Asker: 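Take this structure first; my questions come after.
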Amino acid sequence: MQIVLFVTDACSMCDEALDMVFESDQLSGHILDVVDIMSDAELFNRLAQKIPVAQIGDYELDWPFTDQQIAELANSE
């Protein structure tokens with residue numbers, strides 16, 4: 001299952017979310033795609049006040065989220 005993590009530079013919460021995902025045994029085997037919202041005006045307008053945001057399929061989790069929440073969504077898709 002693909003997990004998309006929307007982030008941007010100089011965002012301590014984004015760094016925390018990235019560390020959590022990279023260190024999680026529960027998310028091992030899933031594909032992680034990290035997207036900087038500054039690369040797309042629509043993403044920036046939609047997510048700037050909510051990042052980091054994890055997207056799994058059609059579902060989005062706004063920060064704060066846990067690796068357990070991401071794993072449950074990823075495994076239910």
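Here the structure is a predicted model, which is why all the values come from computation and not from measurement.
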Asker: Could you name each residue pair satisfying side chain to side chain donor-acceptor pair (under 3.5 Å) that touches residues 10-24, not counting sequence neighbours?
Answerer: Ser24-Asp67

Asker: Could you pull out the closest heavy-atom pair between Pro64 and Gln69, with the gap in Å?
Answerer: O-OE1, 4.3 Å

Asker: As a test of understanding, state which of Ile31, Ile56, Leu27 forms a side-chain contact (heavy atoms from CB on, under 4.5 Å) with Met1.
Answerer: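 Answer after filtering Ile31, Ile56, Leu27: Ile56.
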
Asker: Apart from Met38 itself, what residues make up its hydrophobic cluster, given side-chain heavy atom links below 4.5 Å?
Answerer: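 Members alongside Met38: Val4, Phe6, Val35, Ile37, Leu43, Phe44, Leu47, Ile51, Val53.
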
Asker: Could I get the full list of salt bridge (Lys or Arg N to Asp or Glu O under 4.0 Å) partners for Glu42, not counting sequence neighbours?
Answerer: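 Salt bridge (Lys or Arg N to Asp or Glu O under 4.0 Å) check on Glu42 returns Arg46.
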
Asker: Name all residues meeting the side-chain contact (heavy atoms from CB on, under 4.5 Å) criterion together with Gln68; count only those two or more places apart in sequence or in a different chain, and write none if there are none.
Answerer: Gln26, Thr66, Glu72

Asker: Can you tell if the side chain of Met20 reaches within under 4.5 Å of the side chain of Ile70, non-hydrogen atoms only?
Answerer: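 Yes - at least one pair of side-chain heavy atoms lies under 4.5 Å apart.
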
Asker: So, taking the atom named CD in Glu60 and the one named CZ in Phe65, what distance separates them when rounded to the nearest 0.5 Å?
Answerer: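 That separation rounds to 10.5 Å.
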
Asker: Are Leu32 and Leu5 packed together at the side-chain level, in the sense that at least one heavy-atom pair is separated by less than 4.5 angstrom?
Answerer: yes

Asker: Examine distances only and state if a side-chain atom of Ser39 and a backbone atom of Asp36 form a donor-acceptor pair shorter than 3.5 Å.
Answerer: yes

Asker: Can you tell me how far the CD atom of Gln49 sits from the CG atom of Asp62, to the nearest 0.5 Å?
Answerer: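 Going from CD on Gln49 over to CG on Asp62, the span is 11.5 Å.
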
